Amino acid sequence: MPSRIGALLFSFTGLLLSLSVKADVKARSCSEVRQAYSAKGFSLVNIPYQEIAGEHLRICPQEYTCCTTEMEDKLSQQSKLEFENLVEETSHFVRTTFVSRHKKFDEFFRELLENAEKSLNDMFVRTYGMLYMQNSEVFQDLFAELKRYYTGGNVNLEEMLNDFWARLLERMFQLINPQYHFSEDYLECVSKYTDQLKPFGDVPRKLKIQVTRAFIAARTFVQGLTVGREVANRVSKVSPTPGCIRALMKMLYCPYCRGLPTVKPCNNYCLNVMKGCLANQADLDTEWNLFIDAMLLVAERLEGPFNIESVMDPIDVKISEAIMNMQENSMQVSAKVFQGCGQPKPAPALRSSRSAPENFNTRFRPYNPEERPTTAAGTSLDRLVTDIKEKLKLSKKFWSALPYTICKDERVTAGTSNEEECWNGHSKSRYLPEIMNDGLTNQINNPEVDVDITRPDTFIRQQIMALRVMTNKLKNAYNGNDVNFQDTSDETSGSGSGSGCMDDICPTEFDFVTTEAPPVDSDRREVNSSADKLSSSLLTWSILFIVLLLQRQWR
């Protein structure tokens, strides 16, 4: 009997051992790994069917594994590629925001200028006929310079507008005084009386205020959209470091090597890897947020006092109003010019026989609303800016949020609700290390990525500087101050378009703080030199004014 019982126990033990061996063989099968590896597009040649010793592995745990050296290398490259694609894909929204809104704003602005020019041309042809067409280049040059300024040309808005009114005065002065012949020198003298006589009433002063600040804001805003687009495009194309690539491989594909191809990384594990790999991008966030805030403030200006649409849409009416003022005051203007510049020579008999009313007696007839051009680019400035503001607000804190956005992707991690059944870098279990803070300096103790915090990414630092420069320009534009985009070396002296505020006081709640170094002694001498030149210029004008007064008294 005992021998029979012993035989049964021996048989039962053998059965258990047999089942255990079969289970062990099944556990060490690489069939799932082979299937997942093939799905990635890799060849299954020389890929093991069962786990092998893992002493050859350089990144993954050196335990029994389904990975050969070649597999580890290929999966490492695959993890790098997938990371780059993930960052680019995740940043798609912020990139397309700037690309599409820049395109729309630029299209709107250019059409607005074209419509304003066409409206003025049509109105003036109907109103003044041949007289306008013979002098139309004065107005064409005005719009050409406004377009050149908008596209980044080094145009002094105030000087350009002053020159426009001076040229218009010269042309009109000849039209209202056809009985005289005026030399170039005489006409130059006439143009100097533009500010003193105010022949066009208060229109030039008001238009100068409106045009300068609206164009400054619009040009700076579209330039800001350009900079945002370029920075987003550049930063979204990441170049992971060797330490980052090792961490990515360990997180994404070491589960393959451990025979667990369907197990995804733990959420917190993913965050530490991404924070280490995107440490420099996170450092961009502070300057990016300041840039977005500045863009939003300039957008508010465009919606309010610096609305380019409300300036350009009626510009034809305003210029025509100025011409009417000149017509109504032509006698007084001519008399004062003759007094200051001297009596002009009579024109030849053919011209002198024509009187002023026959040459320039047309009065302004405004368009009906239906005759005016349609809204530019199928929208209005208010709708366009409102849309851009909404998108800009969504892009705030984008770069520091990037690791969280990536790790929320169900294709990447197991999610926050599955903290036990996820890959922690070693096995399928909970991830215990704490999550690192954002930015390069906070990665000194990152348990997953080897980050050299003493060597910031120079490329990212260049983008930070680009944002800082643009933010300062936006602050200037918010306060109505002009900025030169073409030649930054001239920015210390300004491009000369001034504040655009003049008699109207611009709000200064957005204080401009320069990041440039204080001027050295040579700069101080330069400032003193400029002051001396200004004093000399004022003295010259004072003497000239006294001479003119004496000349009038003598006459």
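As the structure is a prediction and not an experimental result, all values here were calculated from the model.
Contact record, C341 with V190: SG-N, 3.9 Å, taken as the closest heavy-atom pair. Nearest approach of D387 to R101, heavy atoms of both residues: OD2-NE, 2.8 Å. The minimum heavy-atom distance linking P403 with S400 is given by the pair CD-O, 3.5 Å. When all heavy atoms of L169 and S191 are compared, the closest pair comes out as CD2-CA, 4.4 Å. Heavy atoms only, all atoms of each residue included: Q281 and V235 are closest at CG-CG1, 3.5 Å. Between S334 and N177, the closest heavy-atom pair is OG-ND2, 3.0 Å.
Annotation: side-chain hydrogen bond (donor to acceptor under 3.5 Å, both in side chains) contacts of S395 (sequence neighbours excluded): none. Shown here are the ring-ring contact (aromatic ring centres under 6.0 Å, His included) partners of Y186, two or more places apart in sequence or in another chain: F182.
Counting only heavy atoms from C-beta outward, the side chains of E188 and E184 never approach each other to under 4.5 Å. No side-chain heavy atom of R229 sits less than 4.5 Å from a side-chain heavy atom of R95. The shortest side-chain heavy-atom distance between L146 and V211 falls under the 4.5 Å cut-off. Looking only at side-chain heavy atoms (C-beta outward), V227 and L467 come within less than 4.5 Å of each other. Counting heavy atoms from C-beta on, the side chains of K198 and N325 never come closer than 4.5 Å. P346 is not listed as a side-chain neighbour of H181, based on a closest heavy-atom distance of 4.5 Å or more. A heavy-atom distance below 4.5 Å is found between the side chains of M470 and L474. Contact of the Q134 side chain with the M130 side chain is registered, since non-hydrogen atoms from C-beta on lie closer than 4.5 Å.
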Practice task
List the steps, then state whether side-chain contact (heavy atoms from CB on, under 4.5 Å) holds for T471 with E287.
Solution key: CA-CA 8 Å; T471 300; E287 205 60 55; 4.3 Å; yes
Handout entry: Working for side chain to side chain donor-acceptor pair (under 3.5 Å), residues D382 and S380
Key = CA-CA 5 Å; D382 287 342; S380 69; 5.4 Å; no
Handout entry: From CA spacing to verdict: ring-ring contact (aromatic ring centres under 6.0 Å, His included), F93, F398
Key = CA-CA 10 Å; F93 165 76; F398 173 79; 7.9 Å; no
Handout entry: Pair L175-N135, side-chain contact (heavy atoms from CB on, under 4.5 Å): steps then yes or no
Key = CA-CA 11 Å; L175 292 172; N135 297 279; 4.2 Å; yes
Handout entry: Intermediate values then yes/no, ring-ring contact (aromatic ring centres under 6.0 Å, His included), F338 and Y180
Key = CA-CA 11 Å; F338 293 159; Y180 296 110; 5.3 Å; yes
Handout entry: Criterion side-chain contact (heavy atoms from CB on, under 4.5 Å) on Y404 and D438, from CA distance to verdict
Key = CA-CA 11 Å; Y404 295 89; D438 302 325; 4.3 Å; yes
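Checking side-chain atoms of E309 against main-chain N and O of L381 turns up a donor-acceptor pair under 3.5 Å. With N289 contributing its side chain and K396 its backbone, the two residues share no donor-acceptor pair below 3.5 Å. Judged purely by atom type and a 3.5 angstrom limit, N329 has no side-chain atom pairing as donor or acceptor with the backbone of Q332. No donor-acceptor distance shorter than 3.5 angstrom exists from the side chain of S119 to the backbone of A116, with no hydrogens or angles considered. Within the 3.5 Å criterion, the main-chain N or O of N233 finds a donor-acceptor partner in the side chain of S236. A donor-acceptor pair under 3.5 Å is absent between the side-chain atoms of N476 and the main chain of N481, judged by distance alone. Side-chain N or O atoms of S136 include one that pairs as donor or acceptor with a backbone N or O of M133 at under 3.5 Å.
For K397, the NZ atom is loosely surrounded, since the number of other residues' heavy atoms within 6.0 Å does not exceed 12. Atom NZ of K206 has 12 or fewer heavy atoms from other residues, nucleotides or ligands within 6.0 Å.
Between L302 atom CG and K389 atom NZ the span is 10.0 Å, to the nearest 0.5 Å. Interatomic distance, CG of L207 versus CD1 of I319, reported as 6.5 Å (0.5 Å rounding).
Cation-pi geometry between R110 and Y150 is not met at under 6.0 angstrom from the ring centre and within 45 degrees of the axis. By the 6.0 Å and 45° rule, R301 stacks over the aromatic ring of F306.
A distance below 6.0 Å separates the ring centres of F200 and W165. Aromatic pair F98/F105: centroids not less than 6.0 angstrom apart.
Salt bridge absent: E84 and K237 never bring a charged side-chain N and a carboxylate O closer than 4.0 Å. Using a cut-off of 4.0 Å between Lys/Arg side-chain N and Asp/Glu carboxylate O, D202 and R205 are scored as salt-bridged. Checked for salt-bridge contact, R383 and E303 miss the test: no charged N lies under 4.0 Å from a carboxylate O.
Among F215, Y149, F221, the one residue that satisfies the ring pair (Phe, Tyr, Trp, His ring centres under 6.0 Å) test with F109 is F215.
Note on ring orientation: taking the six-membered ring where Trp is involved, the planes of F124 and Y128 are perpendicular (angle over 60°, cut-offs 30° and 60°).
Among residues at least two apart or in separate chains, salt bridge (charged side-chain N to carboxylate O under 4.0 Å, His left out) pairs with a member in residues 146-157 are E117-K147, E145-R148.
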